[in-house]
Amino acid sequence: MAGTKALLMLENFIDGKFLPCSSYIDSYDPSTGEVYCRVPNSGKDEIEAAVKAAREAFPGWSSRSPQERSRVLNQVADLLEQSLEEFAQAESKDQGKTLALARTMDIPRSVQNFRFFASSILHHTSECTQMDHLGCMHYTVRTPVGVAGLISPWNLPLYLLTWKIAPAMAAGNTVVAKPSELTSVTAWMLCTLLDKAGVPPGVVNIVFGTGPRVGEALVSHPEVPLISFTGSQPTAERITQLSAPHCKKLSLELGGKNPAIIFEDANLDECIPATVRSSFANQGEICLCTSRIFVQKSIYTEFLQRFVEATRKWKVGIPSDPLASMGALISKAHLEKVRSYVKRALAEGAQIWCGEGVDKLNLPTRNQAGYFMLPTVITDIKDESCCMTEEIFGPVTCVVPFDSEEEVIERANNVKYGLAATVWSSNVGRVHRVAKKLQSGLVWTNCWLIRELNLPFGGMKSSGIGREGAKDSYDFFTEIKTITVKH
């Protein structure tokens, strides 16, 4: 293969050392469609070595005080922040997202994840109750669980990997992590900072490779008592099956089919740009993206016209283009999957207002084979259509009208997912009423993706099990014990 010498070669990070692998997988630059990196095709042996290293490091790390662990996490954050530009460039190239998004969201949030859990670990308290009539005092203690198995996805690679590593480490666990084989570069780069930050060997181990080889070996390992996974529902089903014989603790953050509900009293000047962003940010490859837009009939025509106009201005370009709002999708297979939904919508009689098959995509010559797609708006589609019920995870959104509040709540809830929703209205009573009735773990009203990391994050129904956040992550990454003392 031409240019093989220039390929970036990644290595596993086990027990504080980079180790080569006997076989590798090609990793592609989504903006060109060319192989630019080789990722270890690890398996059971590498997981065995990583779990052994994590188990050996556990007694020392777990016995450190929260203050000492906090200091180490803050040092990781500082080093990551000092290398922000280098990490942003790598994330953008590896994932296809715009460099601007990697600079302003992915890497700053990864830094914040370490800082946030470095702080929150210092502020947990335990419970204590008295039973004076029996001469007893009861209190609780929380202890780290052991080796945490962490599996992160390709859409927000470092952002979601650190959202798991930071709380696991803060609580005193050691880690074996598997990033997506499609986006492994920033995880590998993170390993180069750990020793300098004072993370002891074996506390964080990162093993690269595919789900069937590495993921399955990690999930079914008897000495990994808890698994935190962000990704697709079919993979979560497999994780649940493999974990069942070992009664593992599971945190599963899965997909969404997120509705935006736009009432006739919505402020469209704010709503339209925010809904374009919530539909197409990161190429629509965020589990929180909007993919069903319900608009009250009286403003449907105006909303649709203005929304399509705004969507057409959402520029698709090479990730390094400072004017690009959207980069490339993750892979050729994923691009074809997303396009197939548009074809199916057309076959069902839907109308495509802009994007795929309607507008022309202008790209430089060297990016013609990249995995780019225009943001696409679909109307005249039934609620039962696959485009309205299945997670597309790309730059495709459906706009449909509704009459009443009761009707739209029922329709919004009529999917198997329940991760996030947005409600647009200037009526405060309605906002509270609708938010309460929506089957969603998160509801944003008159905004999108404003996050408070202290509060629970996660979904209902098929969108997952468990929550993540200050208290929830601490609860997940620790075991609670009640102690009774008779005096």
Side-chain angles (χ1 to χ4, degrees), residues 1-13 18-42 46 80 83-103 105-107 110 152-161 177-193 206-211 213-214 282-283 285 316-322 324 326-338 361-373 393-395:
M1 194 193 315
T4 302
K5 282 179 190 152
L7 293 183
L8 183 60
M9 298 287 285
L10 306 192
E11 292 181 314
N12 290 317
F13 186 72
F18 285 101
L19 302 172
C21 193
S22 56
S23 70
Y24 288 81
I25 317 162
D26 288 339
S27 182
Y28 294 80
D29 176 341
S31 74
T32 62
E34 292 165 3
V35 175
Y36 90 105
C37 170
R38 308 211 72 208
V39 177
N41 186 20
S42 312
E46 288 81 2
L80 184 53
S83 306
L84 192 145
E85 181 59 24
E86 190 189 342
F87 273 82
Q89 296 264 0
E91 198 75 294
S92 171
K93 185 179 178 74
D94 202 26
Q95 202 275 338
K97 69 178 72 235
T98 65
L99 182 53
L101 193 67
R103 271 185 192 139
M105 183 177 80
D106 290 67
I107 311 306
S110 303
S152 56
W154 49 256
N155 60 327
L156 303 166
L158 193 66
Y159 173 141
L160 289 174
L161 178 66
K178 184 204 108 56
S180 168
E181 70 277 16
L182 301 177
T183 52
S184 295
V185 174
T186 49
W188 171 73
M189 289 168 65
L190 178 68
C191 298
T192 64
L193 308 179
I206 299 190
V207 181
F208 300 101
T210 65
R213 282 172 59 86
V214 178
N282 202 52
Q283 305 75 244
E285 295 169 330
V316 176
I318 60 169
S320 58
D321 180 351
M326 211 170 93
L329 275 71
I330 186 65
S331 67
K332 191 173 185 196
H334 187 60
L335 174 64
E336 284 168 3
K337 178 192 150 188
V338 175
L361 187 54
N362 295 308
L363 293 165
T365 309
R366 77 172 294 249
N367 299 95
Q368 294 290 329
Y371 315 133
F372 294 90
M373 178 176 171
F393 216 63

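Values below: every heavy atom of this structure, side chains too, minus hydrogens, waters and symmetry copies. Keep in mind that this is a model prediction, so the values were computed, not measured.
- Put simply, the side chain of P30 does not reach to within 4.5 Å of the side chain of F372, judged on heavy atoms.
- Within the cation-pi definition used here (under 6.0 Å to the ring centroid, within 45° of the axis), K332 does not qualify as a partner of Y28.
- Within the model, atoms NZ of K93 and CG of D29 stand 4.5 Å from one another, a figure rounded to the nearest 0.5 Å.
- Residues R366 and E34 meet the side-chain proximity criterion, which asks for heavy atoms closer than 4.5 Å.
- For the pair F87 and M189, the minimum side-chain heavy-atom distance is below 4.5 Å.
- Closest approach of P20 and Y24 over heavy atoms only: CA-OH, 3.7 Å.
- In this structure, M373 CE and M326 CE are separated by 7.5 Å, a value rounded to the nearest 0.5 Å.
- Heavy-atom minimum distance, L10 versus S184: CD1-CB, 3.6 Å.
- The side-chain contact (heavy atoms from CB on, under 4.5 Å) test applied to A100 returns T98, not counting sequence neighbours.
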query: Going through the distances and angles, do F208 and E181 end up as a side-chain contact (heavy atoms from CB on, under 4.5 Å)?
result: CA-CA 6 Å; F208 300 101; E181 70 277 16; over 6 Å; no

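- Residues passing the side chain to side chain donor-acceptor pair (under 3.5 Å) test with E85 are Q89, R103, sequence neighbours excluded.
- The shortest heavy-atom contact between N12 and V207 is OD1-CA, 3.4 Å.
- Counting heavy atoms from C-beta on, the side chains of R38 and L8 never come closer than 4.5 Å.
- Between P395 and L329 the shortest side-chain heavy-atom distance falls below 4.5 Å.
- How far OG1 of T365 is from CG of N367: 8.5 Å, rounded to the nearest 0.5 Å.
- In this structure, D106 and E91 approach most closely via the heavy-atom pair OD2-CG, 4.3 Å.
- Take R213 and apply the salt bridge (charged side-chain N to carboxylate O under 4.0 Å, His left out) test, not counting sequence neighbours, and it matches no residue.
- Taking the side chain as every heavy atom from C-beta outward, Q368 and L363 approach each other to under 4.5 Å.
- When all heavy atoms of S27 and L182 are compared, the closest pair comes out as OG-O, 3.6 Å.
- D94 places none of its side-chain heavy atoms less than 4.5 Å from the side chain of T186.
- Rounding to the nearest 0.5 Å places CD of Q283 at 14.0 Å from OH of Y371.
- Proximity of a side-chain donor or acceptor of N41 to a complementary backbone N or O of I25 within less than 3.5 Å is not detected.
- Taking 4.5 Å as the limit, every side-chain heavy atom of N155 sits out of range of all side-chain heavy atoms of I330.
- The CD atom of E285 sits 4.5 Å away from the NE2 atom of H334 when rounded to the nearest 0.5 Å.
- Expressed to the nearest 0.5 Å, how far OG of S180 lies from CG of L161 amounts to 11.0 Å.
- Considering all non-hydrogen atoms of both residues, C21 and E46 come closest at SG-OE2, 3.6 Å.
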